[in-house]
Every structure is written in C-alpha cells, then in structure tokens.
J.: 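Below is one structure. I have some questions about it.
Quick note: numbers below take in every heavy atom, side chains included, and nothing from hydrogens, waters or symmetry partners. It should be emphasised that the depicted structure is a prediction, and the values quoted were computed from it without experimental measurement.
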Amino acid sequence: MQYLIYDALKNYKRKMPVRFHMPGHKGSRRHFPLFKDAALDITELSFSDCLEGPDGILALAQSDIADLLGAKRSYFLTDGSSCGIFVMLYAAKKRGGKVVIARNSHKSVYNACAILGIEPYILKSNELDGIPLPPTAAEIEDAFKKEKDIGAVLLTSPDYYGNVSDYAALRKLCDRYGKLFLVDGAHGAYLRFDPDGAELYAGLHADAWVDGAHKTLPTLTQGALLNSNREDIFSDLEEGLNIFRTTSPSYPIMASIEYGVKYLSERGAGLIDTLKRELSLMKMRLKKRGVMFYPKSKTMQFAVDFGGMGISPYLAQEELEKHRVFAEMNDGRYLLFYISPLTKPWHLLKLERLIRKIVKMRALRNTYEKTDPFVCGTKKFSYLTALTFPTESLALADATGRVCARNAGVTPPCFPVVVAGELITESAADTLMSAKHTFGIKDGRIEVIKIGGNR
C-alpha cells in the first residue's frame, strides 16, 4: 500500500531543504529538539498540493480513502470531527430551518445550530441503566409529522457507549419524507473494516457522515473525515468546507489519516477479530464473577458499571491509575474503557485482573454516591430564541429554577446537561456542580436569561 502524503513528506526531509516557508520551527533539530519529526511538518508547496483545491497527492489520497470507505467523496479534516458536523449542518440548512437531533448530541451540533440559525428538534430518548439510547425511527417520524421545516436528521452513532442507531429503518424513513440522513459516526470509523460488523458502519446508509479517524484508527489526534455518497449535496458540502475548515491543515495529521485508513484496510480484519474475541471472553469471565457492565454495546467500547456494584467509580479510577491503567471517561457511574484495533490483547488481561481485584476490595464497598449522569431541563423557550435574550451569571447553587441562556454540560462526553431555553433543575445543577470537567460553566457560575432590564 502506498502512503502518498507520508512518502512526499519523507522525500522532502531527505533533501535537507532550505526552508523559506512556514512553519516557523523550520524543522530544526537544534532549536526544536522536543519534536523529532518536525521536519515532516510542512505547508502547501509545489509538490505537496493544497487542500483548498486539491489536484495532486491530497486529491489522490482522498480518492483512495473514499474507495476504501465505500464513499463517493471523502474530505480530510484536521480540525477534528466537529468541523464535519458544521459542514453537514451547513448543507442541511439549505433544505430546512430545523434538524432532528438526539439529546446527547455532541456540543458541536448545538454550536453549529446556533451559528447557522438552525432550530434543533431535540429528542429526549429512553435510557437503559442510566445510559441514553438512540432515538427510534418512530420517534423521528413523529418529529417529521409535527414539524414541516425539518431538513435533516443528524444522529450520533455509534455513541460513546457503543449504542448504534437502526440505520436501515432510518434510511427508509428519510427517503420517504425526503430528508437528509446525516451521521456523526466519530466513534465508528473502524467498523468499516470489521468483517462481522460492517453493517454497523454509518457509510452504508447515510447521505453524509463523519469518521473520527483519530478515535479508533492509528491516526493522530484531530484527524477526521467527512464522507458522502449523495451527489446532489457535494457542492454544498464543499462550500461548507471552504467556510469552516482551516486554511492551515496539518500535513502530519493528513498523512496519519491516510495511513490509518489504508493500514486497517490491509490488517484491520485480523486485528479486530482478535480483539473482539478476547473482549468477548473477558466479558464472559467477568460476568461469571458478578462484575456489571453495560451489556448493549455493539462496538468494542467497554463500560464497567462500578456504581451499579456500589463502588465509587472515582475510587476505582484511582486504584486503576496506581497500576498505570487509564480509562477514557468517568461519568459518575461507569468507567468507560476505549478499545481500538491496536489495543494489545494482554492489556485486556491486565484490565480484567485489576477489575476483579477492585470489585473484591472491602474498602471500596458501598462507596458509590448515586448521580444522575443523564438529566434534562424543562423547555421554556426554543433554542434559538433563548440565545437572543440578555444574560446574567449566577452561581450554580443559586441557578435552580432559572432558564439557561447558554448550553452547559460535562466533558467528556461533551453533550449538554442543560440546553439554552431550558429550566435548570436541581438535578441538573447538582450534576454540573459535581462534574470534574464541564463546558458552559466558569468559576462555578452559569449563564441564565436575565429577568427584566435592557437588552
């Protein structure tokens, strides 16, 4: 397999060039010693193509990737999946002023709606063991019937916990009502190369979808892809890319995206098969020993329900980190372990041993304090309307009963606990106060709609 971008970067490095171009580090080993591969970090040169209008190695690499992913068009994103969300919603805006989304959509979905003037029709889905489930086709069809100005549905699938939407049913539904079917597939890029799970890949069904390559492929952080199979939206997507995508794309990141896709196209099936087998065996052994975990995941993400076993996930996390094992996310009940095709099988064995040890520790029994990781406020104003009101800042402890003026949530997983226009409930305030990392909160204060006064 030829790695077009990486090979071009290596060839340039070998020339020991005189660099009268950006970036400012000039590839200097003497003055930039902490970054040994800085010589691979370049800008648009005569041989390196330009992402604004690619017709060289970038165009060829994107074409190769599209073929491997089963897309008609694939576009590099070095701004992460969030850029792709903005671009997809830019295309959706031309087909209606509203979009159907799940409550647990990423903050970038809400931000894009605010910037583009799209009113999100938010579906508050059911939960299973404290984890939000994807909206059903029936729920989305009900939204289509109620609101005539809906241009698209945009769903997160797979989500952080491995839930996957019913793609086939949603594809038929969107075709019947003439709506765009968009997917934030940031957590599912590897599924394209899973020989037994390829039907879970968003690209088999969506009009446009985002792959967060860096999440599950051997790709550098921020590397992602926007893909589409619908020719009548190509021009809108490309127009959106010209607006939202950086004009200074990272060549190492683009090289790593190409590498990640091509590497898994060659070796992914074997790597994924091995990991899935080992993960399945680990789950069976842990289940026999009474260890609780989220059972409905259709991906390789593994969420251990420490809260359900009466153990503080924060104390469990501390114990794991003593042994140099680091989880992806702690949501106050579950510890989520993010597994990719490159996870080492023996690392799963180490994780299993430590989980069994933690579950047996008497000092950790009955340490769990019940939380509400997935809470919703009560809607008082539409999202876009709420953003127009004057605001004031209140301490979270004093904000219960007030209407939220700007989204606020927990990160990760980066979806809102309370959305602009919603009444802040005591449960929502408690969740935000207890979270270690949040967005929309500054110094323990939240923006609320100001009562009275001038705009």
Side-chain angles (χ1 to χ4, degrees), residues 1-12 40-88 90-91 182-186 188-193 201-204 206-266 268:
M1 186 74 73
Q2 184 180 11
Y3 301 111
L4 298 163
I5 304 172
Y6 180 75
D7 288 348
L9 300 182
K10 289 289 287 185
N11 288 337
Y12 186 57
L40 301 180
D41 183 24
I42 65 168
T43 188
E44 292 89 351
L45 301 173
S46 59
F47 66 90
S48 61
D49 206 355
C50 175
L51 198 55
E52 291 290 297
D55 59 4
I57 58 171
L58 300 183
L60 291 171
Q62 287 185 152
S63 179
D64 286 351
I65 288 169
D67 288 342
L68 294 171
L69 296 181
K72 290 183 179 178
R73 295 279 177 90
S74 290
Y75 307 93
F76 285 128
L77 304 173
T78 64
D79 324 72
S81 298
S82 295
C83 177
I85 297 298
F86 273 74
V87 174
M88 288 195 297
Y90 179 83
L182 311 174
V183 177
D184 174 4
Y190 84 93
L191 289 168
R192 171 63 179 174
F193 309 105
Y201 182 59
L204 295 184
D207 293 312
W209 69 100
V210 172
D211 283 324
H214 71 95
K215 296 183 186 297
T216 59
L217 307 187
T219 295
L220 294 174
T221 296
Q222 290 186 245
L225 290 158
L226 171 64
N227 314 283
S228 181
N229 274 322
R230 183 159 168 167
E231 294 183 5
D232 65 328
I233 65 171
F234 290 168
S235 61
D236 292 333
L237 294 175
E238 290 168 6
E239 190 174 297
L241 286 166
N242 284 331
I243 296 170
F244 296 111
R245 190 169 58 181
T246 180
T247 57
S248 300
S250 164
Y251 274 81
I253 290 177
M254 289 191 288
S256 76
I257 297 169
E258 182 192 9
Y259 177 84
V261 172
K262 290 182 175 180
Y263 184 87
L264 280 202
S265 73
E266 289 189 317

J.: Applying side chain to side chain donor-acceptor pair (under 3.5 Å), which residue pairs with at least one partner in residues 237-247 are found, sequence neighbours left out?
T.: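 Listed once each, the pairs are Arg73-Glu238, Tyr75-Glu238, Tyr90-Glu239, Lys94-Glu239.
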J.: Output yes when a side-chain donor or acceptor of Thr78 lies under 3.5 Å from a complementary backbone atom of Ile253, and no otherwise.
T.: no
J.: Give me the ring orientation class for Phe47 and Tyr12: parallel if the planes are under 30° apart, tilted from 30 to 60°, perpendicular past 60°.
T.: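 Geometry flag for Tyr12 against Phe47: tilted rings.
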J.: Only counting residues at least two apart or in another chain, list the ones meeting side chain to side chain contact (heavy atoms under 4.5 Å, CB included) with Glu44.
T.: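 Checked Glu44 against side chain to side chain contact (heavy atoms under 4.5 Å, CB included); matches are Cys50, Pro249, Tyr251.
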J.: Mind checking whether Val261 and Thr219 have side chains closer than 4.5 Å, heavy atoms only?
T.: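 No. Closest side-chain heavy atoms not under 4.5 Å.
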J.: Within this structure, what is the CG-CG distance for the pair Asp184 and Asp211, rounded to the nearest 0.5 Å?
T.: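 The CG atom of Asp211 is 10.0 Å from CG of Asp184, to the nearest 0.5 Å.
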J.: Quick one: side chain to side chain contact (heavy atoms under 4.5 Å, CB included) partners of Ser82, sequence neighbours excluded?
T.: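 Ser82: side chain to side chain contact (heavy atoms under 4.5 Å, CB included) contacts with His106, Ser108.
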J.: Has the side chain of Ser256 got a donor or acceptor atom that lies under 3.5 Å from a matching backbone atom of Leu220?
T.: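 Side chain of Ser256 to backbone of Leu220, a donor-acceptor pair under 3.5 Å: yes, one is there.
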J.: With Lys72, which residues qualify under salt bridge (Lys or Arg N to Asp or Glu O under 4.0 Å), at least two apart?
T.: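 Residues passing salt bridge (Lys or Arg N to Asp or Glu O under 4.0 Å) with Lys72: Glu231.
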J.: For Ser74, which of Leu69, Ile257, Asp64 qualifies under side chain to side chain contact (heavy atoms under 4.5 Å, CB included)?
T.: Leu69
J.: If you compare all heavy atoms of Cys83 against all heavy atoms of Leu77, which two are closest, and at what distance to 0.1 Å?
T.: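 Taking every non-hydrogen atom into account, SG-CD2, 4.0 Å.
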J.: With rounding to the nearest 0.5 Å, note down the distance linking CG in Asp79 to CD1 in Ile85.
T.: 12.5 Å
J.: Where do Leu68 and Phe193 come nearest, in terms of heavy atoms and distance?
T.: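 For Leu68 and Phe193, the tightest heavy-atom pair comes out as O-CE2, 4.2 Å.
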J.: Between Ala224 and Ser81, which heavy-atom pair has the shortest distance, and what is it?
T.: CB-N, 3.7 Å
J.: I'd like to check Leu217 versus Arg192 (side-chain heavy atoms, cut-off strictly below 4.5 Å). Are they in contact?
T.: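 Contact flag for Leu217/Arg192 side chains = no.
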J.: Set out, in order, the CA-CA distance, both residues' side-chain angles and the distance that settles side chain to side chain contact (heavy atoms under 4.5 Å, CB included) for Gln62 and Leu51, then state yes or no.
T.: CA-CA 10 Å; Gln62 287 185 152; Leu51 198 55; 3.6 Å; yes
J.: Measure across Ser48 and Leu58 and return the closest heavy-atom pair with its distance rounded to 0.1 Å.
T.: O-CG, 3.8 Å
J.: Heavy-atom count around Tyr6 OH within 6.0 Å, excluding the residue itself: above 12?
T.: no
J.: What residue pairs, at least two apart or across chains, pass side chain to side chain donor-acceptor pair (under 3.5 Å) with a residue in residues 49-60?
T.: none
J.: Between Val183 and Met88, what is the shortest heavy-atom contact and its length?
T.: O-CE, 3.6 Å
J.: Walk me through whether Ser265 and Met1 qualify under side chain to side chain contact (heavy atoms under 4.5 Å, CB included).
T.: CA-CA 10 Å; Ser265 73; Met1 186 74 73; 3.4 Å; yes
J.: For the backbone of Gly70 and the side chain of Asn229, can you confirm whether one donor and one acceptor N or O come within less than 3.5 Å of each other?
T.: yes
J.: Report the residues that fulfil side chain to side chain contact (heavy atoms under 4.5 Å, CB included) with Ala61, sequence neighbours left out, ordered by chain and then residue number.
T.: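 So Ala61 forms a side chain to side chain contact (heavy atoms under 4.5 Å, CB included) with Leu4, Ile5, Phe76, Glu258.
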J.: Quick check: closest heavy atoms across Ala189 and Tyr201, and the distance to 0.1 Å?
T.: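 In terms of heavy atoms, the two residues are closest at O-CE1, 4.1 Å.
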